[in-house]
There are 4 protein chains.
Amino acid sequence: MVNEHRSGPVRSTAAREAILDATSRLFHAQGYDRLTIEGIAKEAGVGKQTIYRWWPSRGALIADCLVDGRLIPVDFVVPDTGDLLADVETWLRSVLSILEAPQGDALLRSLVAAAADDADVGVHLSESLGVEQHLSERLRGGIRDGQLPADAPVAQIGRALLGAIIVESLGREARDPDGVVDLVRYLLAR
Amino acid sequence: MVNEHRSGPVRSTAAREAILDATSRLFHAQGYDRLTIEGIAKEAGVGKQTIYRWWPSRGALIADCLVDGRLIPVDFVVPDTGDLLADVETWLRSVLSILEAPQGDALLRSLVAAAADDADVGVHLSESLGVEQHLSERLRGGIRDGQLPADAPVAQIGRALLGAIIVESLGREARDPDGVVDLVRYLLAR
Amino acid sequence: MVNEHRSGPVRSTAAREAILDATSRLFHAQGYDRLTIEGIAKEAGVGKQTIYRWWPSRGALIADCLVDGRLIPVDFVVPDTGDLLADVETWLRSVLSILEAPQGDALLRSLVAAAADDADVGVHLSESLGVEQHLSERLRGGIRDGQLPADAPVAQIGRALLGAIIVESLGREARDPDGVVDLVRYLLAR
Amino acid sequence: MVNEHRSGPVRSTAAREAILDATSRLFHAQGYDRLTIEGIAKEAGVGKQTIYRWWPSRGALIADCLVDGRLIPVDFVVPDTGDLLADVETWLRSVLSILEAPQGDALLRSLVAAAADDADVGVHLSESLGVEQHLSERLRGGIRDGQLPADAPVAQIGRALLGAIIVESLGREARDPDGVVDLVRYLLAR
DNA sequence: GGTTAACCGAGACGGTACGTCCAGTCTTCGT
DNA sequence: ACGAAGACTGGACGTACCGTCTCGGTTAACC
């Protein structure tokens, strides 16, 4: 049996906090492409090696911030009032509220850039917006109570809603505040 | 009438060709994040200044390649056989064929990264996949001949389809080849 | 009278003037190391090729300016009043007057830099300060009328005087206004 | 008392050595004007930043090489045998021996170019040839034992000797091996 | 309670790429 | 036929970060 134990101090919580704080601060302020490890280290008052010791890549830092709710809120839950359309609209508006913040569009695009660059971020992005768990589950509930047909592709519908928002944002047009709402109504109302 | 003409040598077509060729070659081979101006210049046998003279940014190069059809084919037209669902499926499969190529997933993610990074790419991406023009037009045709309800949000439907593909790709799961096809059937068949 | 209407223009005197003017202006303003062909061309309102057509190098331009008296005066003659020491001091003070102008030290060092860089300038520098012709001749006159011994190495004495000034200037010390005058007195007075 | 020490890695002696070695090698091989920071970095197997971190300019590198005796020997001492003229001639011949090496003229002109360009080099050049210290001191000794008059301007005499050599070299004539020797004899023998 | 190994900050290191400037050559158009 | 204008390839500039590697100092678990 191998003794995994070692002597010496343990990972510094303060450093971890400072690093993730600095990362999310700089990510919001400058976006993904201007985010550098050196910048984070300086902002956090930390040596570069302390970052490299615990995170394999810039993306892993972002992913950690993401699941900790430091980049965007984590409570993208979908209520269950019995009215499927209303519940999904509630979720949708909470997602859209990100975009309504100043630089919200840029923030979303930075998240997409990070997700495209780095697998760690990719696998967490739609999940942390509640698409993969909460929304799918609510849609399955809609199937159970007859508000959706049995063959509705729930996972795809969730991705379609998020994807429509992303594609719109990538296109840099002024966002139509009701566009995606129309989409969800069309998708679910029948 | 103002004569904008000036004397002196004219822009070299050979250089333009070589640069865009090199850009698309390296973009395919290495992806967006590993694409460098120096690399392009060397690959194209061109001075860096010649690139900076004509393109303001790495993204503008990508955008030019995109509209020239050097990154992905440009013929994402949507046929009009009278059968709306079949026509949209035809378009969809041509988009999905990009992903079936080796490194197809990575190529799409690189395009998304470029679009997130750079407005020039962003405004051209969905357009050059035929979403904004051809697909929307075909869907409007579907409304005219009664295969879609009059209030169907055609632009949003197009973005939803493309977006679903993108979100799936960002998630790094093995792609379900029929997932988006199910989505389009659900969206259009009623 | 020159007929300006001919088929096939001849070398433009105006261009030559403008180029040498621009060269000396920029040489004075920025020094030798910041002097560029492009800068001269732009300042002169001339194409670069027009410069390269007529001068093989930056140094050749400087040399031309030098012999034209555009960088420093050309009248470093040595009077002949019969008093050798006084005559040489007169010459010396006219050379030192270059250094008393604002940036005079820098100008001399720029000339030295150009002379070190480029043979064309090198062969003209001491000559154009009157060392090789006027001063040597006057010293030979001093031998003839017995104010100098017959074996006095006149060429070397001239170079020693100029060289002492140059070495002092290269050393960046605040210049001792009487230092070289002491030297010439020591050298000649006996 | 303030402890100036900081933690962290210390300046690499190996890098310093390699850089100064490379600098002097390239300076001898190519001269000052063809000497580039990139060339030095590559020759030394060092990153450019390591050079910029420790030296403010190309000239500072040359100056460091100069005081380390990497460009020319550092032992331009002036003996004191009691015979002033012989002692100064000894010094003079050791300076002239630089010029007798292959490319010796070019080496001297490169040193002058560097000294003209950069104050750091300028202040060290005549000093490291022994002019400012050893030679002046010996001349003062000559005054003390009556071989020179009390009012002989020793500093100026030293600069005159070096300067004569420099001016001759700038003039690109084939060097007269006895010219400066004649000068020193004339200057001191009376 | 002393030893000691891993932590920490700081930052030097060899590199790669950035975006700019200029060299020297070549091309086009206008006079 | 010249000359202005300036595009071209190429090379160096000085800067910013990369990811790795020392350092000296600190801290906790083990002996």
Side-chain angles (χ1 to χ4, degrees), chain A residues 3 5-12 14-15 18 34-42 44-54 56-58, chain B residues 5-12 14-16 18 34-42 44-54 56-58, chain C residues 4-12 14-15 18 34-42 44-54 56-58, chain D residues 5-12 14-16 18 34-42 44-54 56-58:
Chain A
N3 187 356
H5 203 70
R6 52 167 189 76
S7 76
V10 98
R11 178 172 183 179
S12 156
R34 300 213 182 281
L35 188 71
T36 67
I37 299 286
E38 288 205 341
I40 294 168
K42 177 156 287 182
V46 137
K48 283 201 288 178
Q49 192 68 331
T50 303
I51 298 177
Y52 285 112
R53 186 149 34 226
W54 302 110
S57 70
R58 196 168 55 135
Chain B
H5 201 69
R6 56 161 196 83
S7 80
V10 100
R11 178 170 184 179
S12 157
R16 196 193 117 96
R34 300 209 183 285
L35 188 72
T36 67
I37 300 284
E38 287 206 341
I40 294 168
K42 177 160 290 182
V46 138
K48 282 201 286 179
Q49 197 59 48
T50 302
I51 298 178
Y52 285 112
R53 183 146 41 225
W54 300 110
S57 68
R58 197 168 53 133
Chain C
E4 293 283 350
H5 296 285
R6 76 221 124 46
S7 63
V10 100
R11 178 172 180 179
S12 159
R34 300 211 182 283
L35 188 72
T36 67
I37 300 285
E38 287 204 341
I40 294 168
K42 177 157 290 182
V46 137
K48 284 201 286 178
Q49 196 58 37
T50 303
I51 299 178
Y52 284 111
R53 187 150 30 228
W54 302 110
S57 69
R58 196 168 54 135
Chain D
H5 201 69
R6 59 161 194 80
S7 78
V10 99
R11 179 171 183 178
S12 158
R16 195 192 117 95
R34 300 210 184 284
L35 188 71
T36 67
I37 299 285
E38 287 207 342
I40 294 168
K42 177 160 290 182
V46 137
K48 280 200 287 180
Q49 197 59 48
T50 301
I51 299 177
Y52 285 112
R53 184 149 36 226
W54 301 110
S57 68
R58 198 167 52 132

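Reckoned from all heavy atoms, side chains included, excluding hydrogens, waters and symmetry mates. Please read all numbers here as calculations on a predicted model, not as lab measurements. Reminder, nothing fancy here: chain letters follow the sequence lines and each chain counts from 1.
- When distances are taken from the side chain of D:Arg53 to each of E:dC13, F:dG6, E:dA17, the shortest belongs to E:dC13.
- In the interface, the side chain of D:Lys48 is paired with the base of F:dG14 through a donor and an acceptor atom under 3.5 Å apart.
- In this structure, the nucleotide among F:dT9, E:dA23, F:dC18 sitting nearest to the side chain of C:Thr36 is E:dA23.
- Taking side-chain N and O atoms only, A:Arg11 has no distance below 4.0 Å to OP1 or OP2 of E:dC7.
- In this structure, B:Gly45 reaches the sugar-phosphate backbone alone: every heavy-atom distance under 4.0 Å involves primed, P, OP1 or OP2 atoms, never a base.
- Between A:Trp54 and E:dA6 there is no side-chain N or O to OP1 or OP2 distance below 4.0 Å.
- Nearest to the side-chain atoms of B:Glu38 among the listed nucleotides E:dC18, F:dA5, E:dA10 stands E:dC18.
- Shown here are the side chain to side chain contact (heavy atoms under 4.5 Å, CB included) partners of B:Thr36, two or more places apart in sequence or in another chain: B:Glu38.
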Polar atom pairs between nucleotides 1-3 of chain E and protein, under 3.5 Å, N or O only, would you list them?
none

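- Across all strands, D:Ser12 comes closer than 4.0 Å only to sugar-phosphate atoms, never to a base (heavy-atom distances).
- Sequence order on DNA chain E of the closest nucleotides to C:Gln49 and C:Leu35 puts C:Leu35 first from the 5' end.
- In the displayed structure, D:Arg53 atom CZ is contacted under 6.0 Å by more than 12 heavy atoms of other residues, nucleotides or ligands.
- Applying the 4.0 Å criterion to OP1 and OP2 of F:dC2, one finds that C:Thr50 has every side-chain N and O outside that range.
- No cation-pi contact links D:Arg16 to D:Trp54, judged by a cut-off of 6.0 Å to the six-membered ring centre and 45° from its axis.
- The nearest pair of heavy atoms linking B:Ala41 to B:Gly47 is CB-C, 4.3 Å.
- Position along DNA chain E of the nearest nucleotide to A:Ala44 versus D:Gly47 favours A:Ala44 as the more 5'-ward residue.
- The side chain to side chain contact (heavy atoms under 4.5 Å, CB included) check on D:Ala18 picks up D:Ala44, with sequence neighbours excluded.
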